[in-house]
Amino acid sequence: MPVGEFTCAAILPVPELPEVETIARGLAKRVTGDLIESVWLGSKPEPLKSPAADIEAALVSKKIADVRRSGKHIVFDLVRNEESAQNPAAQWIVHLGMTGRLLVCSPDTGLEKHTHAVLRLASGRELRFVDPRRFGRLAVIEKFTPPGAEPLSISPSDFANVFRGRKTPIKSALLNQKLLSGVGNIYADEALYRAKVRPRRRAASLSADELRLLHKGLKQVLQEAIRLGGSSISDYVDSEGQEGFFQLKHRVYGREGKPCRRCGTPIKRIVIAGRSSHYCPKCQR
DNA sequence: ACTATTTCCTGGATGC
DNA sequence: TGCATCCAGGAAATAG
């Protein structure tokens with residue numbers, strides 16, 4: 001499956017901030033204004049963070065006023081049919097975990113294995129949640145607040161403060177959703193490469209310059225990935241879900257042993273807190 | 001208050 | 001060919 005410089009993650013990436021952004025935009029285009037007529041929730045308790053009855057009660061007879069991203073969460077603003085979009089009665093929160101997908105399809109489409117939720121829409125279509133590995137989560141809440149700061153809007157000084165005094169490796173700090181919301185394994189590695197910082201460095205040991213570079217590199221790589229993902233939204237076909245939206249050329253992630261694009265040194269792979277981490281031993285210090 | 005480790009879960013890849 | 005084993009990783013739970 002790996003094709004050229006792309007890893008298999010290019011075909012079915014674990015959704016991080018840019019992927020979730022792309023998915024939320026695609027969903028917003030397709031289901032905004034639609035009415036949820038009924039809800040089916042499968043498989044016992046697993047993917048449900050709220051009780052099934054609560055989810056059903058919150059969704060049924062609500063109109064989807066908006067779909068957007070917050071961290072790695074997809075937020076559906078729900079309003080009662082006759083009400084305006086201004087004051088959502090509730091929010092449906094979807095976390096895709098590693099393998100979660102939201103499909104908009106015709107009711108005739110065969111139910112995929114591991115389908116955990118089906119929303120029947122007034123337009124005649126269905127919105128389905130499929131998640132083989134079941135790390136994804138569904139919840140309803142009045143008003144969602146992300147645990148950490150948005151990497152795309154945090155100020156440089158707030159960004160620096162996030163890491164102040166932290167002894168944990170910078171890689172782990174980047175992955176900590178209570179600090180920053182939305183950064184996953186791929187973009188953490190890619191941002192550290194751009195900042196020329198090794199993933200094992202203690203977060204607190206980064207200089208002001210390195211923190212500036214890390215902030216800039218993180219924003220750049222996230223925006224680039226959103227841009228590339230966004231360009232393929234127009235290719236969405238109802239039955240296909242969110243396929244093929246990811247086209248970023250990784251510089252380190254999944255490139256163990258391959259030459260650094262900057263200096264040719266073989267990229268190293270190490271494990272930090274159980275997560276694979278990739279870096280250039282020459283460019284990153 | 002932090003930090004590190006373990007656990008959940010399944011499909012795909014690998015090895016014998 | 002088939003079966004066992006390993007590995008991927010987001011985030012919550014647990015332990016220190």
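All chains are named by letter (A, B, ...) in the order of the sequence lines, taking the proteins before the strands, and each is independently numbered beginning at 1. Side-chain atoms are counted along with the backbone in the values below, which use heavy atoms only and exclude waters and symmetry mates. Computed from a predicted structure; not experimentally measured.
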Can a side chain N or O of [X] be found less than 4.0 Å away from OP1 or OP2 on [N]?
X	N	result
A:K113	B:dG11	yes
A:Y187	C:dG10	no
A:S276	C:dG9	yes

Quiz prompt | Pair A:E210 + A:R285, salt bridge at N-O below 4.0 Å | solution =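 Answer for the salt bridge query: no.
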Self-check item: Check ion pair A:R212-A:D209 (N to O, under 4.0 angstrom)
Solution: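 Salt bridge flag = yes for A:D209 with A:R212.
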In this structure, how many angstroms lie between the [atom2] atom of [N] and the [atom1] atom of [X], rounded?
X	N	atom1	atom2	answer
A:I272	C:dG9	CD1	C1'	14 Å
A:L174	C:dG10	CG	C1'	15 Å
A:L96	C:dA8	CG	P	21 Å
A:N176	B:dT3	CG	P	9 Å
A:N185	C:dC7	CG	P	16 Å
A:L179	B:dA1	CG	C1'	13 Å
A:L180	C:dG10	CG	P	14 Å
A:R137	C:dG10	CZ	C1'	10 Å

Self-check item: Shortest side-chain distance from A:R166, nucleotide among B:dA4, B:dG11, B:dT3
Solution: B:dT3
Quiz prompt | Closest to the A:R134 side chain, choosing from C:dG9, B:dT3, B:dT10 | solution =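 Comparing C:dG9, B:dT3, B:dT10 against the side chain of A:R134, the answer is B:dT10.
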Exercise. Can you check each nucleotide of nucleotides 11-16 of chain C against protein heavy atoms at under 4.0 Å and return B for base, S for sugar-phosphate only, - for none, in 5' to 3' order?
Key: BS----
Exercise. Verify the neighbour count for atom CZ of A:R251: are there more than 12 heavy atoms of other residues, nucleotides or ligands below 6.0 Å?
Key: no
Practice problem: Just say parallel, tilted or perpendicular for the rings of A:H215 and A:F159, cut-offs at 30° and 60°. | Solution: parallel
Quiz item: Are A:I141 and A:V75 linked, directly or through other ILVMFWY residues, by side chains that come within less than 4.5 angstrom of each other?
Solution: yes
Exercise. Using heavy atoms to find the nearest nucleotide of DNA chain B for A:H114 and A:S172 separately, return the residue whose nucleotide is more 5′.
Key: A:S172
Quiz item: Of A:G165 and A:R133, whose closest DNA chain B nucleotide lies nearer the 5' terminus?
Solution: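 Checking each residue's closest nucleotide, the 5'-ward one belongs to A:G165.
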For [X] and [Y], does a side-chain donor sit closer than 3.5 Å to a side-chain acceptor?
X	Y	result
A:H278	A:D189	yes
A:R120	A:S38	yes
A:R166	A:T168	no

Quiz item: Do you know which two heavy atoms are closest between A:A139 and A:W92, and how far apart they sit?
Solution: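 Between these two residues, the closest heavy atoms are O-CD1, 3.2 Å.
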Quiz item: Under 4.0 angstrom, heavy atoms only, what part of the nucleic acid is A:R164 near: base, sugar-phosphate, or nothing?
Solution: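 If one applies the 4.0 Å heavy-atom cut-off, A:R164 turns out to touch nothing in the nucleic acid.
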Exercise. Tell me, please, which residues at least two apart from A:R269 pass side-chain hydrogen bond (donor to acceptor under 3.5 Å, both in side chains).
Key: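 Per chain and number, A:R269 pairs via side-chain hydrogen bond (donor to acceptor under 3.5 Å, both in side chains) with no residue.
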Quiz item: Between the axis at one end of the helix from B:dC2-C:dG16 to B:dC16-C:dG2 and the axis at the other (five pairs apiece), what's the angle to 10 degrees?
Solution: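 Rounded value for the end-axis angle: 50°.
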